[in-house]
Participant: 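Let me give you the structure first, and then I'll get to my questions.
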Amino acid sequence: MKPFQTVVSKAAPLDLPNVDTDQIIPKQFLKRVERTGFGQYLFFDWRFKDDGQENPDFVLNKPEYKGAKILLARDNFGCGSSREHAPWALLDYGFQVIIAPSFADIFYNNCFQNGILPIKLPPDQVDTLFQLVQERPDTEFVVDLEKQTITGGGITISFEIDKERKEKLLKGLDDIAWTLQFEDAIKEYENTHTIY
Amino acid sequence: MGKTLFDKVWEHHLVNYPGSENSDKKLLYIDLHLIHEVTSPQAFEGLRLAGRKVRRPDLTVATMDHNVPTKDRDKPVRDPISAKQMEVLKKNCEEFGITLYDLNSYDQGIVHVIGPEQGFTQPGKTIVCGDSHTSTHGAFGALAFGIGTSEVEHVLATQCLVQKKPKTMRVNFIGKLPKGVYAKDMILALIGKIGTAGATGYVMEYAGEAIENLSMEGRMTICNMSIEAGARAGMVAPDEKTYAYLKDKPHAPKGEAWDKALAWWKTLKTDKDAVFDKEVTIDCSTLAPQVTWGTSPGMVRGVDETIPSPDDAPDEVTKIGYKKALEYMDLKPGMKITEIPIDKVFIGSCTNSRIEDLREAAAMVKGRRKADTVKAVLVVPGSHRVKEQAEKEGLDKIFLEAGFEWREPGCSMCLAMNDDVLSPGERCASTSNRNFEGRQGKGGRTFLVSPAMATLAAIHGHFVDIREELS
């Protein structure tokens, strides 16, 4: 996993609550056995029309939001299926930061496993960002994980994040290596517990 | 202070690594890891790249369910990409020494159906799988939850998971269920009440008279859809029904081990003085059969109600969601739910494909036929064992005589990764768990209901209030 570095980018506003992982990456694209190459299928059913042409009404297809590395979203983003293909697709497409009032649990965890920063903000601050981004799509934001701030359009917003998760993202650390150092403790557990 | 059922299972599984007592980062030992073809290939690849082994292949069980065909099993799988995914799982299981119930195994089935029916699922176990409906196994008093592929890799390598302690919520289902109202209606009503993010960050314990009265199958239906309320997991305290269900199952403990296990299982109840972070109560005695009308499981109403208007939404953001859902579902506010025409019916999925579900459906349709306007009714048993039992009882004949199709076990049209898909615009009464846009096929429109309600819709070509039918 690559260490998370400060992101400087405009933001794309996806103004819908309860965006589920079936929308983020529809099931017909879950059959790959690799972790890569999912970006082309991101939001497939919304991005493309039946004839395969881009749907010009979908926010990610609007020229003013192309190239955004920050996705602005609404409540319960990433709900539904546990598929990690969802963060793989978002990352592969270019998103490194997702801002929403709330995230579904499994999706939230999956983001950290892949170097994506999911930022939870109070709904009124998310509203402010939506308004800003919709009125001035070219607004550039700086997302600084070290300082825990989002700066852009003349405002700075601070965000909360778990200390250990922040550390992990900044260093690009892998959980497995961390756990494996406790081999003795795991063995001790196994020696003292019966699994029926 | 007393402990909850969750606390007891959680504490039993904490690995005491140096410094763990002062950290909220906990290492949780996993007793059972279930894997399937869709969310595991990248995890095995990760192991290989890092030169790691599977720590406990003996605690790992694999099956194929998500994209398996449900007919013509004697022929090669038509979709080459699905076939490759199954082949990769087979190779991975061989390489790492994991038991696999493949496409043609007698023990194959939906992962959340075979775990319990073979006795792998037991009270007090920690159970994970790269599938959000792993919460199903909580019906036995296990702590069971879905994980992503990176976590699948983590469990394969370490048999542990790094976790923070979730909050606890108790849902009290008080009163007796009226006739024609089922476990599916209870969980849909709960999701309608607290919302699809209502339990995010929580493990829910389901309690109360209506839960105690439910069969194990019914409890599994409820726990299965915990994730649709955002919960990490759902649990039901084990009782005599749980023990009776598990006794003599192939992988349940036997002899002295059974006695020891049973003694432990009996301690797995929430103490009287335990305190939950949140409590919710639902009165089952007044519950109506539930039907979802939108594209999120929280968009649900009683069958005797009408389609809501965006103006009924509690806030602006929800209003946008309602508008988009009504447009996608092609429904008008004020329309009666019983007037919604149905094109297809799906009876199956890890929510409702067990023997009891098939019995309910068969009892409803016996001696009757599907409406001519209904193009297809798929009945997909959850496992070979369920299929065999149903055939022993003659349920397959009842379905076939009614014009229903009787298929081979798999996830099928719940997520439509195989050939079982809706065409654009089709409306489906489905016993599955998600009504997301395109879930059952691009442009397909899903209405979540109980197996009995789905069967009635198949017979009439539209939704019917089952209570009127039964009275």
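Heavy atoms only: backbone and side chains are in, while hydrogens, waters and symmetry mates are out. Note on naming: letters A, B, ... go to the chains in the order of the sequence lines (proteins, then strands), and numbering restarts at 1 for each one. Keep in mind that what you see is a predicted model, and the values were worked out from it rather than measured.
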Participant: Heavy-atom distance under 4.5 Å to chain B: side chain of A/Asn109, backbone, both or neither?
Facilitator: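 For A/Asn109, side-chain heavy atoms alone lie under 4.5 Å from chain B.
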
Participant: Taking every heavy-atom pair that is under 4.5 Å apart, which of B/Glu45, B/Gln122, B/Lys442 has the most such pairs with chain A?
Facilitator: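 Looking at each option in turn, the highest pair count goes to B/Lys442.
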
Participant: Just verifying a value: how many Å separate A/His85 NE2 and B/Thr39 OG1, rounded to the nearest 0.5 Å?
Facilitator: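 Taking NE2 in A/His85 and OG1 in B/Thr39, the distance rounds to 7.0 Å.
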
Participant: What residues of residues 147-162 of chain A sit under 4.5 Å from chain B when you count only heavy atoms?
Facilitator: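 Answer by number: A/Asp162.
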
Participant: Name the orientation class of the two ring planes belonging to A/Tyr189 and B/His12 (parallel below 30°, tilted from 30 to 60°, perpendicular beyond 60°).
Facilitator: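 Perpendicular.
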
Participant: Taking 4.0 angstrom as the limit, do B/Arg55 and A/Glu183 come out as a salt bridge?
Facilitator: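 A/Glu183 and B/Arg55: salt-bridged.
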
Participant: I'd like to verify something: which residue of A/Thr21, A/Asp75, A/Asp50 has the highest number of heavy-atom pairs under 4.5 Å with chain B?
Facilitator: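 The option with the most such pairs is A/Asp50.
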
Participant: Could you give the distance from CG (A/Asn18) to OG1 (B/Thr295), rounded to the nearest 0.5 Å?
Facilitator: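 Between atom CG of A/Asn18 and atom OG1 of B/Thr295 there are 8.0 Å.
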
Participant: Side chain to side chain contact (heavy atoms under 4.5 Å, CB included) with A/Phe58: which residues, sequence neighbours excluded?
Facilitator: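 Side chain to side chain contact (heavy atoms under 4.5 Å, CB included) list for A/Phe58, sorted by chain: A/Leu14, A/Phe43, A/Trp46, A/Arg47, A/Asn55, A/Leu60, A/Asn61.
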
Participant: Provide the closest heavy-atom pair for A/Tyr196 versus B/Lys260 in the form atom of the first, atom of the second, distance.
Facilitator: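 The answer is OH-CB, 3.4 Å.
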
Participant: Hey, could you give me the CD1/CG distance between A/Ile186 and B/Asn16, rounded to the nearest 0.5 Å?
Facilitator: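 Going from CD1 on A/Ile186 over to CG on B/Asn16, the span is 12.0 Å.
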
Participant: Salt-bridged, B/Arg52 to A/Asp174, with N to O below 4.0 Å?
Facilitator: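 Here B/Arg52 pairs with A/Asp174 in a salt bridge, since their nearest N and O are under 4.0 Å apart.
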
Participant: Is the shortest distance from a Lys or Arg side-chain nitrogen in A/Asp20 or B/Arg434 to a carboxylate oxygen in the other one below 4.0 Å?
Facilitator: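 B/Arg434 and A/Asp20: not salt-bridged.
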
Participant: Between chain B and each of A/Glu84, A/Gln28, A/Arg74, A/Arg32, count heavy-atom pairs under 4.5 Å; write down the option with the most.
Facilitator: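 Of the options given, most contacts go to A/Glu84.
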
Participant: Chain B heavy atoms under 4.5 Å from A/Phe107: which part of the residue, side chain, backbone, both or neither?
Facilitator: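 Neither part; nothing is under 4.5 Å.
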
Participant: Do B/Tyr202 and A/Asp105 pass the side-chain contact (heavy atoms from CB on, under 4.5 Å) test, and can you show the C-alpha distance, the side-chain angles, and the key distance before you say yes or no?
Facilitator: CA-CA 10 Å; B/Tyr202 290 86; A/Asp105 271 345; over 6 Å; no

Participant: How long is the gap from NZ on B/Lys25 to CZ on A/Arg165, to the nearest 0.5 Å?
Facilitator: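 That separation rounds to 10.0 Å.
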
Participant: Does a side-chain heavy-atom distance below 4.5 Å link B/Glu153 with A/Gln113?
Facilitator: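 Counting from C-beta outward, B/Glu153 and A/Gln113 never come under 4.5 Å.
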
Participant: Looking at every non-hydrogen atom in both residues, tell me the closest pair between A/Ser81 and B/Ser132 and how far apart they are.
Facilitator: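 Nearest heavy atoms, A/Ser81 then B/Ser132: CA-OG, 3.8 Å.
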
Participant: Give me the contact list for residues 3-12 of chain A versus chain B, heavy atoms only, anything under 4.5 Å, ordered by residue number.
Facilitator: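 Against chain B, none of the residues of residues 3-12 of chain A fall inside the cut-off of heavy atoms under 4.5 Å.
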
Participant: Donor-acceptor pairs are to be reported for all side-chain atoms of residues 128-142 of chain A against protein atoms at under 3.5 Å, with residues two or more places apart or in another chain.
Facilitator:
from	atom 1	to	atom 2	distance (Å)
A/Thr128	OG1	A/Asp124	O	2.9
A/Thr139	OG1	A/Arg136	O	2.6

